[in-house]
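Worksheet for the structure shown next.
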Amino acid sequence: MKLEFDIASGDFSQAGQASSRIKKVLKQLQVDPKVIKRIVVAVYEAEVNVVAHSLGGQIIAEFSNEYVEITVQDCGPGIADIGQAMTEGYSTASKKVRDMGFGAGMGLPNIKRNTDELSIESTVGKGTCLKFKNNLNG
Amino acid sequence: MTTLTPYHAIKVDPDKCIGCTHCMKTCPTEAIRIKNGLAAINALRCVDCGNCLRSCPVDAFYVEHDNLHQIEDYKYRVALFPAVMIGQFHEKYSEDQIYQAVLKLGFTHIFEVEQPISLLVNEIKGQVREADSKPLISSFCPAIVRLIRSKYPSLVDNIIPLKVPHDLAAAFAIETLRKKGIEREEIGLFYVSPCSAKMAAVKRPLGEKESVVDGLINMKDFYNRIMQVISKDQVEDTSELRKHLRRDGILWSLPRGEARHFKQKSMAVDGINNVVKILERMENDNVPDLDFLELKSCHQGCAGGILLTGNRFLTVERLQKRSKRYPFIGEDDLGCVDCNAIEPTLKGEPILPNYVFALDADRMKALEKLQKMDRILCQLPGIDCGACGAPNCHALAEDMVQGKAKMTDCVFLQNRYLNENKIDVKRATRNLENTWGQNRFDADCNKKGGRNEGF
């Protein structure tokens with residue numbers, strides 16, 4: 001079972017659609033609510049990241065009996081220092097983005113906190129690929 | 001918690017229902033389907049919000065209630081109604097006139113549900129102080145509690161496990177009468193309900209073992225009876241019966257009535273469709289830092305209850321005016337009554353999730369069903385017309401994978417199958433009649449619906 005979502009850059013009003021749809025599927029699979037919450041929070045953060053920082057991207061969710069695997073691929077500036085980006089409170093978000101209530105520098109740390117496995121690959125000037133995986137049985 | 005068949009106060013009158021799509025389209029949990037030309041409610045999904053009743057053009061939904069004659073079985077007959085009841089009456093009727101009319105109907109005692117509100121306020125404040133995970137969600141509206149259990153199971157722990165106010169009020173009434181030497185067995189406690197959700201909560205309470213009320217009265221029925229006997233003359237003073245009522249109590253069931261006790265760190269949302277949007281955000285951890293969330297299924301809170309008469313905004317206006325005549329809650333609001341005796345009645349049992357939206361308890365099977373749904377959705381037109389008897393294409397696909405519907409229920413697919421000579425016209429007609437009833441496709445100038453609808 002696979003779901004794909006295109007995420008447009010700068011369209012904050014649409015952020016949350018992928019996580020809502022993924023949430024609905026997880027509920028239909030009767031996944032424990034606490035497990036759902038972690039996944040949904042991580043996907044939502046990833047969605048906002050694509051909207052706020054990239055030039056657009058895609059989220060793919062693959063569901064199996066035991067796991068959900070999320071791939072977030074974007075075109076965009078890429079992350080120069082991943083270690084720094086993983087630090088709570090570190091943000092490169094513009095003032096405009098911050099004024100909308102985003103860009104507090106909690107995105108990637110929050111994703112890490114809410115996922116079982118996380119890998120980030122990024123090439124400056126090209127884009128970022130984020131992969132994470134959560135066990136559906138907690 | 002034991003599993004019982006869910007009880008719902010809302011029923012469909014088969015003689016009145018014309019099998020249109022209004023209720024089906026407005027149901028927030030997609031609990032309604034049209035079968036054989038009639039609306040059928042899925043009891044597992046229904047949360048008793050009453051949207052169907054509001055949207056019905058022919059008034060085919062009704063709310064089950066007890067007969068007022070039942071009060072005659074008791075020596076002491078207590079009318080227990082929420083303060084919102086008074087808000088329905090035109091300003092020309094005084095509270096004394098309304099109270100006197102209730103006594104005329106045969107009741108010996110009158111209690112407004114919100115009288116012991118100070119106990120509730122203190123208890124909720126205490127729970128909010130001690131909570132690890134905030135915001136706490138009010139358990140005041142039974143439709144919201146049911147909605148969260150089924151659709152937002154991750155949030156059940158945020159619901160404050162308290163009994164509904166009418167149970168506390170019943171305990172308060174019984175305790176007050178006990179002080180006067182009246183035994184419980186002699187009392188008939190009749191709760192006048194503003195909505196179907198509270199009716200269902202009384203019959204089959206959530207978060208508590210059994211309800212303490214002896215009978216249920218439909219507020220619409222009650223209002224009509226009061227209007228038949230109400231006096232327009234000066235009547236005797238009944239204010240003694242309202243001496244424990246406070247401003248906070250009168251406002252409790254209105255928007256922000258609960259939230260106002262938590263100042264800025266609270267939010268109040270009314271209208272079930274608005275509530276759904278907030279709960280979705282809350283699941284995503286995407287709400288501001290709040291202590292308390294007041295959620296009410298009806299617009300304008302209980303003033304918009306489906307069993308109230310008149311305009312909800314006028315009702316709110318009158319109640320706000322009325323509340324100003326009463327003091328705020330204070331220390332010894334309940335006077336002679338022993339608070340220790342009724343406080344234990346406040347706490348309910350924890351509320352557990354109810355996974356009615358899961359496709360299958362077995363994850364492998366659920367995944368297969370999801371994939372099947374995806375394939376079916378490729379075939380469906382995606383215009384959500386409702387002609388299949390399900391509210392939208394997605395719901396039809398779900399019904400199909402659950403074995404409750406078939407491909408030919410979709411009129412678009414059926415047309416394709418006809419063109420491809422896969423089925424004949426006779427069978428196609430029969431399929432449609434299964435959903436919409438016999439003779440549904442004949443011309444009939446007198447049929448209800450269409451031009452006869454009351455819009």
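Chain identifiers are assigned alphabetically (A, B, ...) following the order of the sequence lines, protein sequences preceding nucleic acid strands; residue numbering begins at 1 within each chain. Given the structure is predicted, the values throughout are model-derived calculations rather than measurements. Values reported hereafter were calculated over all heavy atoms of this structure, with side chains retained and with hydrogens, waters and symmetry mates removed.
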Could you tell me which portion of [X] (side chain, backbone, both or neither) has an atom closer than 4.5 angstrom to a non-hydrogen atom of chain B?
X	answer
F63(A)	both
V31(A)	both
L136(A)	both

Got [X] and [Y] here, is their nearest side-chain heavy-atom distance under 4.5 Å?
X	Y	answer
K23(A)	E280(B)	yes
K369(B)	Q28(A)	no
K24(A)	H394(B)	yes

Counting heavy atoms not belonging to [X], are there more than 12 under 6.0 Å from its [atom1]?
X	atom1	value
K265(B)	NZ	yes
K25(B)	NZ	yes
K34(A)	NZ	no
E121(A)	CD	no

Got a second to check how far [X]'s [atom1] is from [Y]'s [atom2], nearest 0.5 Å?
X	Y	atom1	atom2	value
N65(A)	E368(B)	CG	CD	10.0 Å
D374(B)	L3(A)	CG	CG	7.0 Å
Y355(B)	L29(A)	OH	CG	13.0 Å

Residues in salt bridge (Lys or Arg N to Asp or Glu O under 4.0 Å) contact with R260(B), at least two apart in sequence or another chain: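 By the salt bridge (Lys or Arg N to Asp or Glu O under 4.0 Å) rule, R260(B) matches D248(B).
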
Go through N284(B) and K37(A) one step at a time and tell me if the side-chain hydrogen bond (donor to acceptor under 3.5 Å, both in side chains) criterion holds. CA-CA 7 Å; N284(B) 298 6; K37(A) 186 155 190 176; over 6 Å; no

Looking at E283(B) and K27(A), does any basic side-chain N land under 4.0 Å from a carboxylate oxygen?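 Yes, charged N to carboxylate O under 4.0 Å.
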
Is the closest basic N to carboxylate O distance between R363(B) and E66(A) below 4.0 Å?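 Not counted as a salt bridge, because no side-chain N and carboxylate O are separated by less than 4.0 Å.
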
E398(B) versus chain A, heavy atoms under 4.5 Å apart: side chain, backbone, both or neither?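 Side chain only.
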
Name the region of M373(B), side chain, backbone, both or neither, that has any atom closer than 4.5 Å to a heavy atom of chain A.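 M373(B) touches chain A through side-chain heavy atoms alone.
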
Please report the closest heavy-atom contact between S64(A) and L367(B), naming both atoms and the distance.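 Taking S64(A) first and L367(B) second, the nearest heavy atoms are C-CD1, 3.4 Å.
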
I'd like to know which of D157(B), D362(B), N286(B), L155(B) tops the heavy-atom pair count under 4.5 Å against chain A.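 Between D157(B), D362(B), N286(B), L155(B), the count favours N286(B).
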
List the residues meeting side-chain contact (heavy atoms from CB on, under 4.5 Å) with A131(B), not counting sequence neighbours, and say none if there are none.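 Listed in chain order: K134(B), L136(B).
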
